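Note that the structure is predicted; figures quoted are calculated from it, not measured. Each chain gets a letter, A, B and so on, in the order its sequence line appears, and its residues count up from 1.
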Amino acid sequence: MAQSPSSSVFAPWDDPTKKPLIRFEGVTKRFGDFTAVDNLDLHIYEREFFALLGPSGCGKTTIMRILAGFDPPSEGTVWLDDVNIAPVPPNKRPVNMMFQSYALFPHLSVYDNIAFGLKRSPMPKSEIDGRVQEMLRLTRLEKFARRKPHQISGGQRQRVALARSLAKAPKLLLLDEPLGALDKKLRNDTQFELMDIQEKTGTTFVIVTHDQEEAMTVASRVAVMDNGKLMQVATPDRIYEAPNSVYVADFIGDVNIIEGNLRPQEPGKVLIDWTEGEAPIRAEANGGLTEGTRVSYAVRPEKIAVSAERPDDRANVVQGKIIDIAYLGNISTYHVQLPSGHMISAQMTNSRRIERRDFTWEDTVWLSWTDTAGIVLTQ
Amino acid sequence: MIRRFSWFNATSLTLGFAFLYMPMIILVIYSFNASKLVTVWAGFSTKWYGELLRNEAFLDAAWVTLKVAVISSSIATVLGTMAAYVLVRGGRFAGRTLFSGMIYAPLVMPEVITGLSLLLLFIAVGLDRGVITIVLAHTTFSMCYVSVVVSSRLVAFDRSLEEAALDLGCTPFDAFMSVTLPMIAPAVISGWLLAFTLSLDDLVIASFTSGPSSTTLPIKIFSAVRLGVSPEINALSTIMIGIVAVGVIAASLISKTRIARMTRDEQAAQQQ
């Protein structure tokens, strides 16, 4: 996951000479009084696998429908390859969409579903069959070409929908919750399949999802949305390790949030006074923060170690009592209550068998983490 | 499920069906009566069916009725489907609620009023009464039935199928013809059948709008019955009952086997 911007790594967003494939400029979409998308500026680059992530009603599906051409923006301009796409109807756009419900045509066979778009394209008749066969191979559906959509399983339907939307080789493929209807195991397999197909075809993918794990797995960049606004757009590791707000930190994965007052130390180092009678939290933060600023300190559970003895090499050490243990098989999450009343979650890998576990309920334990483990947030 | 015999169930079933079918059964039996007197049984005979086939007036009326029913139900289906599509899919436009309400008005309008107003209209525009005026009148009142049947199907229909068609390069018209229409076809067909039956049955509106040269079967039967019930009418009615029964049974068999095949396929797909 360590991605540093170098020429070998795919990171066109860090390259100022690259032109984005899609540019949203001040795009707003209103439905009556409701603002679904609020003054959005966004660049998406060619060959990207871009995820729009957010709770339902955050405007992510509206962005997708604006791109597909089903809803025109109320304000602002959307550029695709330097063409303003507002006046272009959906059937003339080099954009295809995979619908959440798959929207397979029930009266047509798998083959005819995939050929549907090609028959309406300038592609000569003689080449259509070849293209459909290629799509069937890509999605491993050769055996099911003659079946109707109701004669195949959910996972196969999902692949038909993908093949159909890829058949016309669009510049941009939109995927609306593509894996929402699949069970967890199938979903994991399909995620890797999607990434594989995206790489093979070189198509730009924009995926809409409310599942943060899915977005983190498949996407080259993730946009976290709330109330029609973009909260943060960054690579999955940046979103996870360096969220820019409490909202993003909280939305992606589990996090402990501790509020406190800031006390700057030497450059790059800060102390946070968070409760009476405990040592201040030592953290790293960039300049520009003044003494006494109210901040939220965010630290992920897996960054916190649980131990019976007080560790003396860690920057932050607190003592507390185990209230609850969530055993998840590979890991356990400990909910530890501090004397101040704060509840802190800490995660440990279960490298030993359960009967040899060190801690149990009501045990008093030490929690510790380094000064680089957490992040200081001002919003 | 309990499948025990119960006197109560058996009685109510018998009474209910007797109530529904007794009149028709009597009519069918008397159509095979040899006697000219309708109420006196004089042995089995099919001679009234033969008489019927030689009766030019009845055959003409039957032909007119059939022509009117086919043409008017076809026009009503096209217009009704278009109206339903616009009302369900057309998005918001001024007066949409008014139009949606108005489409139902002919359903509750007394037929006498519909017939009279059409008659006045035809006289006002100077249209001679004949087959054309009956067709127009039947189209007018059966169109709203089609539109009601089709719009209920369109409301339940997944909109994203149409969007997918547009997305894959269809013009809106192409999307309607290649995706929407095949999907709503069952509703369109039942709308057509409903319009066809309504037109076949109609007496009141047809009697206002028909001319001397264009008598439909219901008008013919009604005027014949006023002079006394003849066994020929019984024979004619039996034939009509037969046609309707065959149609209903065929339609239900077809849909039953289709549903059975669908369920079987889906189960097979699950097991893979």
Side-chain angles (χ1 to χ4, degrees), chain A residues 31-32 61 64-65 67-71 88-108 110 112-123 143-144 147-157 160-161 164-168 170 172-174 176-177, chain B residues 81 85-86 88-94 96-97 150 153-190 254-272:
Chain A
F31 295 103
T61 302
M64 180 154 288
R65 292 179 60 85
L67 281 170
F70 300 133
D71 290 324
V88 184
N91 52 324
K92 298 271 194 295
R93 292 188 183 197
V95 174
N96 283 125
M97 180 156 170
M98 191 186 142
F99 290 80
Q100 185 172 10
S101 60
Y102 306 151
L104 298 179
F105 305 128
H107 59 297
L108 299 178
V110 167
D112 289 327
N113 262 285
I114 298 173
F116 191 90
L118 296 171
K119 287 180 182 161
R120 284 154 181 86
S121 72
M123 183 182 272
K143 280 193 292 181
F144 307 104
R147 300 263 188 103
K148 291 278 179 69
H150 68 266
Q151 294 168 317
I152 56 178
S153 71
Q156 289 158 354
R157 274 179 223 170
V160 178
R164 188 180 69 178
S165 52
L166 275 172
K168 289 179 82 180
L172 172 65
L173 182 72
L174 307 168
D176 188 3
E177 304 269 4
Chain B
T81 306
Y85 189 76
V86 173
V88 175
R89 287 285 192 266
R92 288 159 186 277
F93 56 88
R96 183 186 150 172
T97 322
V150 172
R153 175 79 184 106
L154 273 174
V155 168
F157 172 82
D158 182 7
R159 179 103 209 232
S160 61
L161 285 173
E162 282 161 6
E163 289 180 339
L166 292 176
D167 188 64
L168 291 166
C170 285
T171 59
F173 180 72
D174 186 11
F176 178 80
M177 293 307 284
S178 54
V179 174
T180 314
L181 197 57
M183 301 274 65
I184 61 169
V188 174
I189 292 169
S190 30
I254 289 167
S255 75
K256 215 172 201 172
T257 49
R258 256 185 73 178
I259 289 167
R261 202 177 57 215
M262 198 90 160
T263 346
R264 205 183 52 223
D265 286 348
E266 261 164 22
Q267 277 163 357
Q270 291 304 315
Q271 280 158 11
Q272 276 161 11

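Annotation: B/F173, atom CZ; neighbour count of heavy atoms from other residues, nucleotides and ligands within 6.0 Å does not exceed 12.
In this structure, A/N96 contributes its side chain and A/L173 its backbone to no donor-acceptor pair below 3.5 Å. Side-chain atoms of A/R164 come within 3.5 Å of backbone N or O of A/A103 as a donor-acceptor pair.
The shortest heavy-atom contact between B/L168 and A/K168 is O-NZ, 3.1 Å. Looking at every heavy atom in both residues, B/M177 comes nearest to B/L181 through O-CB, 3.9 Å.
Comparing B/M183, B/E163, B/E162, B/R159 by heavy-atom pairs within less than 4.5 Å of chain A, the highest count is held by B/E163. Among A/G69, A/A68, A/P90, the residue with the largest count of heavy-atom pairs under 4.5 Å with chain B is A/P90. Ranked by non-hydrogen atom pairs under 4.5 Å with chain B, the options A/P89, A/G117, A/G155 are led by A/G117. Contact count against chain A (heavy-atom pairs under 4.5 Å) is highest for B/D167 among B/V179, B/L166, B/D167. Between chain A and the residues B/A175, B/P172, B/C170, the most heavy-atom pairs under 4.5 angstrom are made by B/C170.
Heavy atoms of A/L104 lying under 4.5 Å from chain B belong exclusively to its backbone. There is no contact between B/A185 and chain A, counting heavy-atom distances below 4.5 Å. With a threshold of 4.5 angstrom between heavy atoms, A/R93 does not approach chain B through any atom at all. In this structure, chain B has no heavy atom under 4.5 Å from any part of A/S121. Looking at A/F99, only its side chain comes within 4.5 Å of chain B, counting heavy atoms on both sides. For a residue to count as touching a neighbouring chain, one of its non-hydrogen atoms must lie under 4.5 Å from one of that chain's; by this rule B/D158 touches chain A with the side chain only.
At least one side-chain heavy atom of B/I184 sits under 4.5 Å from a side-chain heavy atom of B/T81. Within the 4.5 Å cutoff, no side-chain heavy atoms of A/P149 are placed close to those of A/Y102.
Remark: A/D71 pairs with A/R65 by the side-chain hydrogen bond (donor to acceptor under 3.5 Å, both in side chains) rule, at least two apart or across chains.
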